[in-house]
Amino acid sequence: MSEKHIAVIGAGYWGKNLVRNFDQLGVLKTICDDSRSVREELAKAYPSYSLGRPGSGAVATPSNAGDRNGPVDENAVAAAPGRAAAAASDLATEGAAAASRAAVAAAPNLAAPGLDVSEEAAASSSASEPSLAGTSLATEGAAAVSAAPGRPGEGLITSNLADILEDDEITGVVIAAPAARHFDLARQALQAGKHVYVEKPLAMTYAEGEAIVRLAAAKGKTLFVGHILHYHAAVIRLKEMIRAGKIGRLQYIYSRRLSLGKIRREENILWSFAPHDISLILGLTGEEPCFVDSVGNNFLHARIPDVTMTNLKFPSGIGAHIFVSWLNPYKEQKLVVVGSSGMLVFDDTAPVEQKLVLYPHTIHWQNGLPVPNKADSVAIDLRDIWEEPLKAECRAFLAAMTDGIPPLTSGEEGLRVLKVLEASQQSLERKEWINAGMPSAAAASGDFSGLSRAASGDYSGLQMPPPLPLTPPPRTPAAHRDFSGLQMPSRTPPVPSPVTGADFSGIQMPPRLAPAPTTPAAAAASGDFSGMGINGAPAHVFPAPVSLGKASGPFEDVFLHPTAIVDDNVAIGKGTKIWHFTHILSGVVIGANCNIGQNVVIGPEVVIGDRCKIQNNVSVYKGVTLEEGVFCGPSMVFTNIYNPRAEIGKMDQVRPTLVKRGATLGANCTIVCGHAIGRYAFIGAGAVVTKDVPDHALIVGNPARRIGWVCECGERLPESLKCPACGKSLNNVPDSGGNSER
């Protein structure tokens with residue numbers, strides 16, 4: 001590999017910082033930007049780089065490449081709610097081809113968010129479109145061509161994307177172009193055999209992001225996403241403290257990212273500011289949200305929110321919210337993490353010595369009442385690990401290229417962030433105001449995206465449409481499936497909105513829960529949901545992936561032994577078997593193809609993922625969540641109250657327990673409440689678990705301790721961490737104090 005092997009596409013607002021860091025690291029070979037003024041400034045700043053001649057080849061990005069604000073086409077803004085395409089309103093100064101370039105730049109982002117962008121389609125598109133936009137953005141006039149003679153140097157400053165894609169010495173491409181171009185540029189770079197670093201967000205739709213992730217896997221190349229906070233010294237230390245139990249069990253996380261500008265038009269405030277915080281919150285919780293709700297306000301443009309608030313709830317009981325705005329009188333970048341025995345505050349606008357502060361506040365219970373106990377704050381010293389976060393991120397990309405280990409902010413991690421962004425965007429759009437006089441087809445379809453005030457120009461008779469159930473992005477094998485899309489049912493199910501045309505077809509409640517013969521489809525068609533409920537209340541509709549219906553018993557394709565008892569308000573997935581004398585309490589959600597053994601009690605309000613196996617004599621109490629593929633051995637024990645008393649009710653003190661995907665809990669083991677069991681961990685028979693368990697850990701004893709590592713297939717791993725049975729290797733094992741960061 002050549003020492004100079006990195007190219008940066010886009011050197012505007014943020015890209016210039018990437019250029020600086022990769023140059024300081026001694027690996028930068030080529031800088032690509034279509035703005036002549038940007039290239040000329042770069043030539044002055046980096047005199048050892050040759051200034052390429054504007055040619056007839058394809059140019060990398062729209063004008064102002066790397067500036068994540070980017071130019072705007074107001075027509076495209078109205079046509080693509082919330083995520084306007086990057087267009088070339090200021091390209092007129094670049095020559096006569098500006099108008100056609102703007103249309104080409106805007107067109108890709110006008111596709112419907114649910115468009116299926118397959119890898120094959122991407123490859124086909126690339127074959128017929130060797131340039132980024134299909135037209136040369138380098139046409140800057142004959143004077144520009146003659147005025148920019150190339151000069152020899154150690155690197156190249158160019159406007160031609162081919163100078164990067166066709167250079168075999170360039171092995172890594174860094175994309176800091178406007179977000180609307182991330183998909184096109186990443187696709188072309190991967191197809192050219194390059195490792196790719198993409199600034200946030202990974203793409204503008206989940207489908208595009210998934211296509212990039214699949215393509216990177218097919219090409220065997222690193223796909224790295226610029227979620228910079230994970231490489232910040234304060235966040236690294238914050239994670240260490242959480243893993244060490246400094247603030248106890250995580251309870252609540254909130255972030256505020258506020259400033260005055262920089263105001264964008266190719267993306268709204270949610271997509272511009274929130275990806276960093278979403279990524280960090282997902283990393284801290286180690287799971288995906290089961291509930292997402294966003295509200296926003298549009299002040300500078302009728303269809304582009306300038307301020308949003310997003311609320312998240314997680315299966316383990318952790319809550320979070322994200323407040324972002326570019327209409328704030330001062331800059332604020334603050335993350336607050338609340339635990340059961342302390343709080344951490346990360347303030348990125350503070351000096352290094354004050355960026356991370358521990359507040360060891362606690363809540364004590366006296367006579368059944370919560371009493372706060374405040375303590376002095378403690379500033380956490382970061383000087384021993386301090387490094388410019390962007391430089392640390394650049395080093396991480398170079399390391400991932402070299403060792404082939406998936407980075408902390410991999411394409412899959414970026415895809416999980418996109419899933420939350422799309423769910424948040426859907427929530428925003430379903431709260432848009434619409435004109436009551438517009439065609440009823442929009443109400444029938446549930447699609448209000450085209451009924452903006454800006455599009456109609458008619459503000460008379462405005463009314464707020466009823467809220468619709470939030471539908472998360474579709475599941476795919478590339479997505480990390482941790483119950484996303486499942487909302488925890490409550491004892492009093494929410495009332496479905498009588499929206500004309502709302503489609504509840506294919507979802508049936510068991511006969512015992514629906515005393516009236518009315519079907520959900522008929523009720524949705526008529527708008528009358530009366531008679532469909534539980535004890536007079538409307539029936540709860542459980543979202544995918546749980547499938548409801550009836551066949552052998554009250555549920556479709558479910559085996560239910562005659563001695564088993566299933567209470568009201570329970571969802572059971574297809575293919576699940578429930579055996580003798582088992583009791584499923586109210587509010588439980590059980591996934592598909594589970595096997596629930598004899599004399600098992602589950603609930604109330606427990607979530608169990610697909611393909612779980614619960615052996616005889618196990619009680620899964622409120623507060624316990626099992627992800628997919630969890631094995632619970634015979635007579636193993638969960639608890640949910642840390643210090644129970646028979647004469648004192650303490651159900652308000654339930655401590656959540658999360659058992660992550662693929663974990664095995666051996667016979668007669670005990671899991672003390674308030675802890676998480678890592679993915680594919682193996683708890684030996686009779687072990688007593690009193691703290692969090694890392695991914696793939698082999699745990700035995702009382703109190704339990706780690707004695708080794710276990711493969712996904714269940715075999716104990718040797719020191720090489722390569723499984724002798726299936727041949728898989730375990731990379732980047734966690735330390736004994738916490739879960740892996742993979």
Side-chain angles (χ1 to χ4, degrees), residues 236 239-246 248-250 282-287 315-316 318 405-406 408 412-413 480-482 609 611-615 618 620 624-634 636-639 655-742:
I236 293 171
K239 290 180 178 179
E240 292 173 353
M241 296 177 70
I242 291 174
R243 285 196 294 264
K246 295 294 184 181
R249 175 176 51 86
L250 286 185
L282 294 182
L284 291 176
T285 61
E287 53 184 337
S316 62
I318 298 172
I405 297 175
L408 185 59
E412 289 78 7
E413 191 269 345
H480 177 61
R481 298 188 62 194
D482 286 346
R611 302 182 304 282
C612 288
K613 188 170 186 178
I614 301 176
Q615 297 286 68
V618 174
V620 186
V624 177
T625 299
L626 308 183
E627 292 187 358
E628 299 169 340
V630 171
F631 178 91
C632 297
M636 63 81 47
V637 176
F638 289 107
T639 67
R655 294 189 179 186
T657 297
L658 174 63
V659 184
K660 297 186 178 181
R661 179 172 184 167
T664 292
L665 311 180
N668 294 296
C669 73
T670 298
I671 310 298
V672 176
C673 59
H675 300 295
I677 309 300
R679 291 162 58 90
Y680 301 106
F682 199 107
I683 312 300
V688 179
V689 176
T690 60
K691 60 182 179 180
D692 289 353
V693 174
D695 295 351
H696 292 274
L698 176 58
I699 304 293
V700 301
N702 181 7
R705 67 189 188 283
R706 184 183 65 79
I707 63 170
W709 303 104
V710 180
C711 179
E712 289 184 18
C713 69
E715 296 295 324
R716 184 171 181 175
L717 295 173
E719 291 186 2
S720 66
L721 299 182
K722 183 174 182 179
C723 180
C726 69
K728 291 183 179 179
S729 294
L730 180 61
N731 297 320
N732 193 24
V733 296
D735 58 37
S736 59
N739 292 331
S740 63
E741 296 285 356
R742 291 188 300 156

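Quick caveat: nothing in here was measured; it's all calculated off a predicted structure. Values below: all heavy atoms of this structure, side chains included; hydrogens, waters and symmetry mates excluded.
Closest of all the heavy-atom pairs between A687 and I699 is CB-O, 4.3 Å. Nearest heavy-atom pair, D692 versus G674, reported as atom, atom and distance to 0.1 Å: OD1-O, 4.3 Å. Nearest heavy atom pair, residue V689 against residue I683, reads CG2-CG2, 3.8 Å. Closest approach of V700 to G684, counting heavy atoms only: CG1-CA, 4.4 Å. Nearest heavy-atom pair across G678 and A663 is O-CB, 3.7 Å. Between M636 and G666, the closest heavy-atom pair is CB-O, 3.6 Å.
Under the 4.5 Å side-chain criterion, counting only non-hydrogen atoms from C-beta, I614 is in contact with L626. Using a 4.5 Å heavy-atom threshold, the side chains of L730 and Y680 count as separate. S729 is not listed as a side-chain neighbour of L721, based on a closest heavy-atom distance of 4.5 Å or more.
In this structure, the side chain of E627 does not engage the main chain of K660 through any donor-acceptor pair within 3.5 Å. T625 contributes no side-chain N or O that, together with a main-chain N or O of L658, makes up a donor-acceptor pair within less than 3.5 Å. Between the side chain of H696 and the backbone N or O of V710, at least one donor-acceptor pair lies under 3.5 Å. Side-chain atoms of H675 come within 3.5 Å of backbone N or O of T690 as a donor-acceptor pair.
We find that E628 and R611 are joined by a salt bridge, their nearest charged nitrogen and carboxylate oxygen being less than 4.0 Å apart.
With values rounded to the nearest 0.5 angstrom, E712 atom CD is found 10.0 Å from D695 atom CG. If you take CG on L250 and OG on S316, they are separated by 8.0 Å, rounding to the nearest 0.5 Å. The distance from the CG atom of L282 to the CD atom of E413 is 7.0 Å, given to the nearest 0.5 Å. Atom-to-atom distance recorded for K728:NZ and K722:NZ is 13.0 Å, nearest 0.5 angstrom. With rounding to the nearest 0.5 Å, the separation of CZ in F631 from CG in L665 is 9.0 Å. The structure places CD of E287 at 11.5 Å from CG of L284, a figure rounded to the nearest 0.5 Å.
Partners of T657 according to the side-chain hydrogen bond (donor to acceptor under 3.5 Å, both in side chains) rule, which considers only residues two or more places apart in sequence or in another chain, do not exist here.
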